[in-house]
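Notes to accompany the following structure.
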There are 2 protein chains.
Amino acid sequence: MRKLRYSVATSLDGFIAGPRGEYDWIAPDPAFDFAAMFREFDTMLIGRRTYEVMQTRGQSAESMGMKAIVASTTLDAKANSGVTIIRENTVEAVAALKAKAGKDIWLGGGAMLFRALVDANLVDTVELAVMPIVLGSGVKVIPEGRRIPLRLEKTESFPNGMLWLKYSVITPDLAH
Amino acid sequence: MRKLRYSVATSLDGFIAGPRGEYDWIAPDPAFDFAAMFREFDTMLIGRRTYEVMQTRGQSAESMGMKAIVASTTLDAKANSGVTIIRENTVEAVAALKAKAGKDIWLGGGAMLFRALVDANLVDTVELAVMPIVLGSGVKVIPEGRRIPLRLEKTESFPNGMLWLKYSVITPDLAH
């Protein structure tokens with residue numbers, strides 16, 4: 001089955017955005033091979049706020065070679081005809097999406113979405129680009145909830161101090 | 001001047017302890033050379049709660065070759081005659097301590113103590129042993145406050161998934 005991978009930038013103190021949504025402190029290292037990363041995915045799954053931030057930045061899943069799926073109860077379907085919208089039963093919809101053939105699915109933002117999906121044992125990896133800053137306050141990259149054991153898979157340091165961490169989520173073995 | 005180094009274990013989601021002080025999830029890797037680390041310090045600076053946790057675990061700064069200094073307004077001096085207690089003016093007391101000759105000072109716990117000292121530009125490094133777990137809730141390793149720019153100095157991965165990160169705090173250059 002293809003993987004659902006939560007891959008986002010974070011401050012060292014675990015914020016995905018500042019208290020007013022600031023992301024000025026996120027400076028991906030030019031040495032990071034985004035193109036190679038994008039090729040591992042064919043679908044981007046995001047929350048509405050992440051989607052709107054991407055729009056204000058002129059970013060789109062299409063330009064990264066992916067199909068966009070936005071989890072939102074409020075997003076206007078007519079004004080956003082280029083994206084698929086999950087309105088309800090998000091967990092079931094994502095489980096069905098994972099069961100389809102395809103490349104991996106990038107959970108690119110929406111920390112609450114991550115928490116709901118990891119609690120449903122649907123998230124396979126947590127991949128963090130840790131920026132060398134204590135942000136002080138903001139939106140938590142990992143919202144509070146239950147414990148989740150992880151396996152460290154990979155780390156990579158970049159010249160600007162960005163640190164790339166990849167963890168696998170250790171999910172309960174339902175077969176036992 | 002000798003350095004003040006905040007060096008503690010944390011979960012990936014930035015908790016130094018669980019909501020009831022739990023530390024069962026902290027499993028330092030046997031491959032980590034604690035003895036070598038301890039030799040870099042001659043003083044351990046901690047908050048009262050950290051001190052009390054160490055006592056319940058049978059740990060002491062002395063056994064690590066360090067002198068213990070506890071920041072506390074309430075700790076009983078008679079019952080704890082082996083440690084130096086900072087009762088007030090913590091920032092000034094730590095600044096004076098740093099100005100004395102000696103090895104580095106280990107800020108080994110007390111997240112609020114860390115925040116007060118880093119805000120006073122007295123903390124030189126943040127060194128985190130990141131355990132491969134999302135704890136879900138607890139005591140924040142880096143309490144909320146102002147932004148603090150960092151410089152990534154070193155990372156090291158251990159067999160059990162523990163990740164060692166060392167950052168320097170970029171302090172304002174007071175000479176300019």
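Each chain gets a letter, A, B and so on, in the order its sequence line appears, and its residues count up from 1. Every value quoted in this text rests on a predicted model; they were computed, and no experiment measured them.
Contacts of A:Phe158 with chain B are absent, with no heavy-atom separation under 4.5 Å from either backbone or side chain. Using a 4.5 Å cut-off between heavy atoms, A:Glu22 contacts chain B through its side chain alone, with no backbone atom that close. Both the backbone and the side chain of A:Ser137 come within less than 4.5 Å of a heavy atom in chain B.
There is a path of hydrophobic side-chain contacts, each under 4.5 Å, that joins A:Val94 to A:Tyr6. Tracing side-chain contacts under 4.5 Å through hydrophobic residues (I, L, V, M, F, W, Y), one never reaches B:Met1 starting from B:Leu117; they form parts of separate clusters. In terms of hydrophobic clustering, with Ile, Leu, Val, Met, Phe, Trp and Tyr side chains grouped at heavy-atom distances under 4.5 Å, B:Met54 and B:Val8 are assigned to different clusters. Grouping the Ile, Leu, Val, Met, Phe, Trp and Tyr side chains by contacts below 4.5 angstrom, directly or via other members, places A:Ile142 with A:Val123. Residue B:Val134 is not grouped with residue B:Trp25 when hydrophobic side chains (ILVMFWY) are merged at heavy-atom distances under 4.5 angstrom, including chains of intermediate members.
The contact list for residues 72-93 of chain B toward chain A, using heavy atoms and a distance under 4.5 Å, is empty. When the heavy atoms of residues 159-166 of chain B are compared with those of chain A, the residues falling under 4.5 Å are B:Gly161, B:Met162, B:Leu163, B:Leu165, listed by number.
Across A:Val126, A:Ile170, A:Asp24, the residue that shares the most heavy-atom pairs under 4.5 angstrom with chain B is A:Asp24. Per-residue counts of heavy-atom pairs under 4.5 Å with chain A were compared for B:Val141, B:Val130, B:Leu152, B:Val169; the largest is that of B:Leu152.
Other residues, nucleotides and ligands place no more than 12 heavy atoms under 6.0 Å from the NZ atom of B:Lys67. Sparse packing is recorded around CZ of A:Arg49, with 12 or fewer heavy atoms of other residues, nucleotides or ligands lying under 6.0 Å away. No more than 12 heavy atoms of other residues, nucleotides or ligands lie within 6.0 Å of NZ in A:Lys3, so this atom counts as exposed by the packing criterion.
If you run side chain to side chain contact (heavy atoms under 4.5 Å, CB included) between A:Leu12 and each of B:Leu150, B:Thr10, B:Ile148, only B:Leu150 comes through. Checking each of A:Arg146, A:Arg147, A:Glu144 against B:Leu135 for a side chain to side chain contact (heavy atoms under 4.5 Å, CB included) leaves exactly one that passes, namely A:Arg147.
Checked for salt-bridge contact, B:Arg115 and A:Asp13 miss the test: no charged N lies under 4.0 Å from a carboxylate O.
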